[in-house]
Amino acid sequence: MTTETVKATQTATEKTVRISGSEAIIKCMLAEGVEILYGYPGGAIMPVYDELYKYRDQIHHVLTRHEQGAAHAAQGYARISGKVGVAMATSGPGATNLITGIADAQIDSTPLVCITGQVASHLLGSDAFQETDIVGISTPVTKWNVQITKAADIPEVMAKAFYIARSGRPGPVLVDITKDAQFEEFDFKYEKCKSVRSYKSVCKTNPESVKKAADLINSAKKPMIVWGQGIILGKAEAELKAVIEKAGIPSAWTILGASALPTSHPLNIGMVGMHGNYAPNMLTNECDVLIAIGMRFDDRVTGNLATYAKQAKVVHFEIDPAEIDKNVKTDVAVLGDAKASLTALLPLLNETTHTEWHNKFKELYAVEYEKVIKDDLHPTKEGLTMGEVINQINEQSKGDAAIVSDVGQHQMIACRYAKFNKTKSNITSGGLGTMGFALPAAIGAKMAAPDRDVVAIIGDGGYQMNIQELGTIFQQKVPVKIVVLNNEFLGMVRQWQQLFFDKRYASTEMTNPDFVAIAKGYYIDAKRVSKREELADAVAEMMACEGAYFLEVCVEKEDNVFPMIPTGASVSDIRLS
Amino acid sequence: MENINTYTISIYTENNIGLLNRISAIFQRRHINIESLNTSISEIEGVSRFTIVVNLEEDRIKKIVGQIEKQVEVIKAYYHTDEETIYQESCMFKLKSDLLFEEREIQNIIKDSNARIVTVNKEFFVLEKSGRRNEIEQLYRDFSAYGIMQFVRSGRIAVTKDEMKISQMLAAFN
Ligand SMILES: Cc1ncc(C[n+]2csc(CCOP(=O)(O)OP(=O)(O)O)c2C)c(N)n1
């Protein structure tokens, strides 16, 4: 660039233009690289929608069929792309409908910017038509939220919103904009936010703590790694792999950490937690050094804290200082971004193979295979299992598909058995366990990664929580594959009733509609299978289909998910049946 | 169970709407009762200061402070024991004016307690007293016998004996 052109572009960005608040909102989004947003219009956000019409060639608005769908779609988009997802809604009911998605994004650290319309500022606090205090309502479930009543505040607030949503430990931000601020005209100028006073997004990795961590890891005889979504959010997959391989450490993952390391990696020992694998759960209470990376010791992972890894020294690599010692006391805490910390760690590690220790995992895997996995994946009894469906999808996708799962037994089965070759391939609602997540999240995921196969695995219960999004799939022509594993039960709850409530199946049996007819009603290709012989062909047909496809698989009604750590039990009290 | 102690939490924040809500929610969610809460400007322009008093185990207070600091608009939060701070509360008594003129004992109480007369008129007079909680409580008991028309007490305000390096911290933020 010549000096003149540099000058010219500088003046171009510094130049202000007089526009309305609503146009400013769109210009802010464009400046932040937003290409798609999900939403639903209404009175208090209409000026922004009107401007969207003008910008429809530059920014694609997806009309979902419910605002919860918009929030989840934005989440799916964010999770597979690593970018900020954007959802928009009107005031009152539109805004409150976003809340479940926002809460889900908060607990799973998903970057979202949610924009809600609000009644005109002179009406605030008057119980006006469709007025709710959405800033008050969303406070406990947002990383940050704010209300704008003056158009002139829009650029700075929007820049801050995107910056806060994606930086540090990502999360959802809600921006509420009064209708008068949307109409008001002002001199627009946009500057991206680079820092916010009072907000330190990432601590610089402290070399001393890395050295201490390395010493501890090098001294370990039986080290074990548990990584979480921090690896994916921090784009530290390669660094994780290098660390694991150099130090020869058996490594397990939390549900949101799935896919950061390929399933087939020899040091990948599976999932930890309530329905995780037998070996990593058992041996958590035997390892001498437990290395937690980008995970937060959720209670579904630790079981009873009083007995969790008590014998082990704990090293915690974490971006969020509030997570250190929150649930599990650490011996060494390495604060900072996972990529930077692991990069600093790698040269300090000794090259080792913990072969004997690793063999223990293999032995326990063999036990789990015999008692659980074999029958899940290659059943000999008549009814179809959820596991064999996942297995069939693995075979036909060769492990390249992104799996979006809902919440329940099918989710645990999908996460346990899906084969992942690529990172960001497991999109599920971890921390909140939100039924209804998968169908809209799959829409967002597929739109963000059109080149990938996106397969949603959903239970008959959760499917009906946001089934209306079939309309979005049809209208937007989103070629997602939808697999409903129909057991005619709210399976996971039924499993608990069977195991802990004397088989009193209170309100968990479901009489379902003709799902295939419903899908076809939305002009989506559909098929139902209930026999083993039909499964492979049906999956093949689904994977080969160019458009969206709905596959209902009628599975065994009362199968259970094992292994299982009952709530409050110790991880090593994991049950295989 | 660990020992429960009185802690004063000092929070330096941006002066933004809604932050009180965010901070109080952190306590509410964990069923922690706030003994007293005060917000004011601080020694730094544009920076507010919250002073919150809670009775809690140290282990829990640490976590709470971590959660408070995590809020985007919080610059820094500290917690301190009583020994580490110099603290005061302030209160006002409204009493019948007759008492002031007719009860010698009342005059003595006022003098001994170093309470200050804010205003006097025909019907009532108002006293202000700053100090430790027990001094204020003592005064309350003393006046109760004569009848108190109105009483109000502020939250604790406190400064620490040690330095809080907020200005340096703010400089480092950017
Ligand atoms: C919104 C919501 N409501 C209730 C629950 C509680 N819940 C967890 S799993 C589950 C059953 C899910 O049933 P289904 O979708 O049929 O899947 P399955 O377990 O049979 O695979 C329920 C009701 C939840 N997680 N989310």
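What you see is a predicted model, and the numbers here were worked out from it, not measured in a lab.
- Among all heavy-atom pairs drawn from B/Val72 and A/Ser198, the shortest one is O-OG, 2.7 Å.
- Considering only residues two or more places apart in sequence or on other chains, A/Leu233 meets the side-chain contact (heavy atoms from CB on, under 4.5 Å) condition with A/Ser109, A/Pro170, A/Gln229.
- With rounding to the nearest 0.5 Å, the separation of CD1 in B/Ile17 from OG1 in A/Thr149 is 7.5 Å.
- In this structure, the portion of A/Lys160 lying under 4.5 Å from any heavy atom of chain B is its side chain and not its backbone.
- Shortest non-hydrogen contact noted between B/Lys63 and A/Lys326 is NZ-O, 2.8 Å.
- Expressed to the nearest 0.5 Å, how far CG of A/Asp320 lies from CD of B/Gln67 amounts to 7.0 Å.
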(request) Begin from the C-alpha positions of A/Thr142 and B/Arg22 and carry the test side-chain contact (heavy atoms from CB on, under 4.5 Å) through to its verdict. (result) CA-CA 10 Å; A/Thr142 46; B/Arg22 263 184 193 277; 2.7 Å; yes
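- A/Thr139 OG1 to B/Gln71 CD: the interatomic distance, rounded to the nearest 0.5 Å, is 9.0 Å.
- Proximity of B/Glu73 to A/Val146: side-chain heavy atoms (C-beta onward) are nowhere separated by under 4.5 Å.
- Around CD of A/Glu156, the count of heavy atoms belonging to other residues, nucleotides or ligands within 6.0 Å does not exceed 12.
- Of the two parts of B/Glu14, only the side chain, counted from C-beta on, holds a non-hydrogen atom closer than 4.5 Å to a non-hydrogen atom of chain A.
- More than 12 heavy atoms of other shown residues, nucleotides or ligands fall within 6.0 angstrom of atom CG in B/Asn134.
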